[in-house]
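In what follows, a single structure is set out as structure tokens and then discussed.
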Amino acid sequence: MFNKRIKIKALLAEENTGFEATVMGWVRTFRNNQFIALNDGSTNNNLQVVASLGEFEDSTLKRLTTGACIKVTGQVIASLGKGQKVELKAATIEILGDSDAEKFPLQPKKHSLEFLREIAHMRFRTNTFGAIFRIRHSLAFAIHQFFNDKGFVYLHTPIITASDAEGAGEMFRVTTLPLDGSAPKNEDGSINFKDDFFGRSTNLTVSGQLEGELAAMAFSDVYTFGPTFRAENSNTTRHLAEFWMIEPEVAFNDLEDNMNLAEAFIRYVIKYAMEQNKEDLEFLAQRLEEEEKQKPQQDRSEMGLLDKLNFVVNNDFERLTYTEAIEILRESNHNKKKKFQYLIEGWGVDLQSEHERYLVEKHFKKPVILTNYPKDIKSFYMRLNEDGKTVAAMDILAPGIGEIVGGSQREERLDKLTARMAEMHIPAEELNWYLDTRRFGSCPHAGFGLGFERLVQFVTGMGNIRDVIPFPRYPKSAEF
RNA sequence: UCCUCCUUAGCUCAGUUGGUUAGAGCAUCUGACUGUUAAUCAGAGGGUCUCCCGUUCAAGUCGGGAAGGGGGAGCCA
């Protein structure tokens, strides 16, 4: 029954008319007791279905409410009205699912993103979220295509991990032990995990990087793309407790290769979305433009969404070292006039959001790659530079959303790595498996982590990360 | 977790120095019209003013607390 259906996107692209077609979808509006705007999610554009006067029972027409699901068969004809090239003249209309108009929460009008977030199970049916999630899909697909074309192996790293030494953030505990206090305890009162499901303490992964490195020491080029969990109490527009991360890890790459890969990757996936989701991006660009008009002049961005994406695709990112960045910031008028909340005085401190924003949005006005940070503000696995005080790290900062990529050349020298771990009080015995890569055929290698939702945010122009993942998880929120 | 702002109809919002029966637009319902494009026109229904405590003759309005939400910061991707 269903396989004769034609998707609305395909039907709207059809050059010919005068043939019979069956469509299925959800009613967006029903105007004038005759005109159904029908959407099936294949595109934001609705198909106009015409139910000619007198040809349908009143009882049927009454059920054509916003949100109802219907099946229509009829003739595809050139539209008699303006606004669309073709329309479907209905011969039969079957109601597949009623929608009580008094209770259906979506109305043919503008809704706030905050309201739609409360009905995330329904928001797919709006133009905005339709566009966002089709673009999200394209980006995900493009990611696999990019790496596949380059001969990378897609590695599935575990979601449940035993290691708690990765240092990437607070973890969610995974256990089958009872929570009522009856769990077995050690002599010192701490929980004894011997009888837990895995016989040890386990957590949800915060990163697949360490496992990625293991595989890179065999396949040379690998990447992961999967869910990641952080139990940080972060309440911001760019953090989630459950998010998707892309983590390539490449043997024989140094920091510069790593930057080149990241830049090529970002360009590729954006370009892909621009080709595949032209209409959706135009819709979101329009939406953003109207939103910008509500803001005071000084807060408006200079470039529209499409200009911004084109700019990123066609221009190199700005590359500079942490030391150079500090110099620019220290010499900036902004700093001299004490406009930063945290003034830049010396070398060695981590940059605040306001500093990153200044560099990206005011000084360079494009994505920036910062490299060679002081070792003391970075992770243990990053390669120590010749100067002995910086590491071969890189962060890519994007306008509007800040850090989109964090990566580094890894420390491949066993003695240097273990020394660093000792300094940072990371128990080497727990990461013996990781250190084995440095013991048996170690090699220079590099990789990075890219937050998928931040990428989707950048491409769609959405301001809040909770609006670019179907069902966002964040503190005090795990509905749906 | 910290700072800050917000919470009034299904949605988006007005609501004056505290003062009778809390308003508008959209949505919904009823009717009219019938080639509409967020259709139009007429009418109707719809409120525990987030919750608790307090001040007062009187609280949507003032004070305290809680919950939820927005924005910013930190942590980071």
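Comparing atom distances between the K62(A) side chain and each of U30(B), C75(B), C29(B) picks out U30(B) as nearest. Each of U34(B), A77(B), G31(B) was ranked by its minimum atom distance to the side chain of L53(A); first place goes to U34(B).
What separates CD1 of I404(A) from P of A77(B) is a distance of 13 Å, to the nearest Å. Rounded to whole Å, atom P of A27(B) lies 17 Å from atom CD1 of I119(A). Regarding R28(A), its CZ atom lies at a distance of 18 Å from the C1' atom of U36(B), rounded to whole Å. As a whole-Å value, the separation of H355(A) NE2 from C76(B) P is 16 Å. Distance CD1 (I401(A)) to P (C75(B)): 18 Å, rounded to an integer number of Å. Atom CD in Q34(A) sits roughly 13 Å away from atom P in C33(B) (whole-Å rounding). In this structure, Q341(A) places its CD atom 15 Å from C1' of G71(B), rounding to the nearest Å. With rounding to whole Å, F452(A) atom CZ is found 23 Å from C76(B) atom P.
Between A24(B) and A9(B), the two C1' atoms lie 11 Å apart (nearest whole Å). Nucleotides C13(B) and C57(B) are separated by 37 Å at their P atoms, to the nearest Å. Comparing A77(B) with G68(B), their C1' atoms are spaced 27 Å from each other, to the whole Å. The separation of G10(B) from C3(B), taken at their P atoms, amounts to 33 Å, rounded to a whole angstrom. As rounded to the nearest Å, G69(B) and G31(B) have C1' atoms that lie 40 Å from one another. Rounded to whole Å, the C1' atom of A73(B) lies 37 Å from the corresponding atom of C26(B). Nucleotides U16(B) and U61(B) have their P atoms positioned 11 Å apart, rounded to a whole Å. C76(B) and C53(B) are spaced 41 Å apart, taking the C1' atom of each and rounding to whole Å.
Using a 4.5 Å cut-off on side-chain heavy atoms (C-beta onward), V459(A) and L309(A) make contact. Proximity of P248(A) to L261(A): side-chain heavy atoms (C-beta onward) are separated by under 4.5 Å at one or more points. Residues F317(A) and I266(A) meet the side-chain proximity criterion, which asks for heavy atoms closer than 4.5 Å. Residues Y342(A) and V349(A) are not in side-chain contact: their nearest non-hydrogen atoms beyond the backbone lie 4.5 Å or more apart. In this structure, E249(A) and E211(A) have side chains that are not in contact, with every pair of non-hydrogen atoms separated by 4.5 Å or more.
A salt bridge links D316(A) to R267(A): at least one charged side-chain nitrogen sits closer than 4.0 Å to a carboxylate oxygen. A salt bridge links R420(A) with D376(A): the closest approach of a Lys/Arg side-chain nitrogen to an acidic carboxylate oxygen falls below 4.0 angstrom. Taking the charged nitrogens against the carboxylate oxygens, R136(A) and E453(A) do have a contact shorter than 4.0 Å, which makes a salt bridge. Salt-bridge check for E411(A) with K375(A): failed, with every basic side-chain N at 4.0 Å or more from each acidic carboxylate O.
Residues passing the side-chain contact (heavy atoms from CB on, under 4.5 Å) test with I77(A) are Q75(A), E87(A), K89(A), sequence neighbours excluded. Remark: N464(A) engages R117(A), T237(A), R466(A), D467(A) in a side-chain contact (heavy atoms from CB on, under 4.5 Å) (not counting sequence neighbours). By the side-chain contact (heavy atoms from CB on, under 4.5 Å) test, M122(A) is found to be paired with F104(A), P105(A), L106(A), I119(A), R125(A), residues two or more places apart in sequence or in another chain being considered. Not counting sequence neighbours, the partners of F265(A) by the ring pair (Phe, Tyr, Trp, His ring centres under 6.0 Å) test are F146(A), F147(A). Residues meeting the ring pair (Phe, Tyr, Trp, His ring centres under 6.0 Å) test with H363(A), sequence neighbours left out: none.
In this model, the phosphate group of U12(B) is approached by a side-chain N or O of S112(A) to a distance below 4.0 Å at OP1 or OP2. An OP1 or OP2 oxygen of G74(B) is reached within less than 4.0 angstrom by a side-chain nitrogen or oxygen of S353(A). Remark: R117(A) is in phosphate contact with G70(B), judged by side-chain N or O atoms under 4.0 Å from OP1 or OP2.
Under the 30°/60° scheme for interplanar angles, the aromatic rings of F115(A) and H111(A) are found to be tilted. Note on ring orientation: taking the six-membered ring where Trp is involved, the planes of F225(A) and W244(A) are perpendicular (angle over 60°, cut-offs 30° and 60°).
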Give me the distances for all protein-to-nucleotides 7-9 of chain B N/O pairs that come in under 3.5 Å?
none

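Note on F35(A): a base of the nucleic acid sits closer than 4.0 angstrom, heavy atoms only. Counting any heavy atom pair closer than 4.0 Å across all strands shown, E87(A) reaches a base atom.
F458(A) carries K308(A) over the face of its six-membered ring, with the cationic atom under 6.0 Å from the centre and within 45° of the normal.
At most 12 heavy atoms of other shown residues, nucleotides or ligands fall within 6.0 angstrom of atom NZ in K9(A).
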- Message: Run T390(A) and N385(A) through side chain to side chain donor-acceptor pair (under 3.5 Å) and show every step you take.
- Response: CA-CA 6 Å; T390(A) 61; N385(A) 288 326; 2.8 Å; yes
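A side-chain hydrogen bond (donor to acceptor under 3.5 Å, both in side chains) with H445(A) is found for exactly one of R383(A), R410(A), E213(A), namely E213(A).
Judged by distance alone, with hydrogens and angles left aside, S234(A) brings a side-chain donor or acceptor within reach of the base of C75(B), the pair sitting under 3.5 Å. You won't find any donor-acceptor pair under 3.5 Å spanning the side chain of E232(A) and the base of G74(B), going by distance alone. At a cut-off of 3.5 angstrom, the base of G68(B) holds no donor-acceptor pair with the side chain of E114(A).
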Compile the donor-acceptor pairs under 3.5 Å between side chains in residues 469-480 of chain A and protein atoms, sequence neighbours left out, one pair per line.
from	atom 1	to	atom 2	distance (Å)
R473(A)	NH1	F471(A)	O	3.3
R473(A)	NH1	E479(A)	O	3.0
R473(A)	NH2	F480(A)	O	3.0

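Shown for residues 235-242 of chain A: residues whose heavy atoms fall under 4.0 angstrom of RNA chain B, namely N235(A), T236(A), T237(A), R238(A), H239(A), L240(A). Listed in residue order, the members of residues 454-466 of chain A having a heavy atom less than 4.0 Å from RNA chain B are R454(A), N464(A), R466(A). For the contact set between residues 127-148 of chain A and RNA chain B, defined by any heavy atom under 4.0 Å, there are no members.
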- Note on the structure: Intra- and inter-strand pairing of RNA chain B, written as dot-bracket with Watson-Crick and G-U pairs under 3.5 Å and | for the latter, reads (((((((..((((.....[...)))).(((((.......))))).....(((((..]....))))))))))))....
- Protein-proximity profile, nucleotides 37-47 of chain B, B/S/- by nucleotide at the 4.0 Å heavy-atom cutoff, equals B-B--------
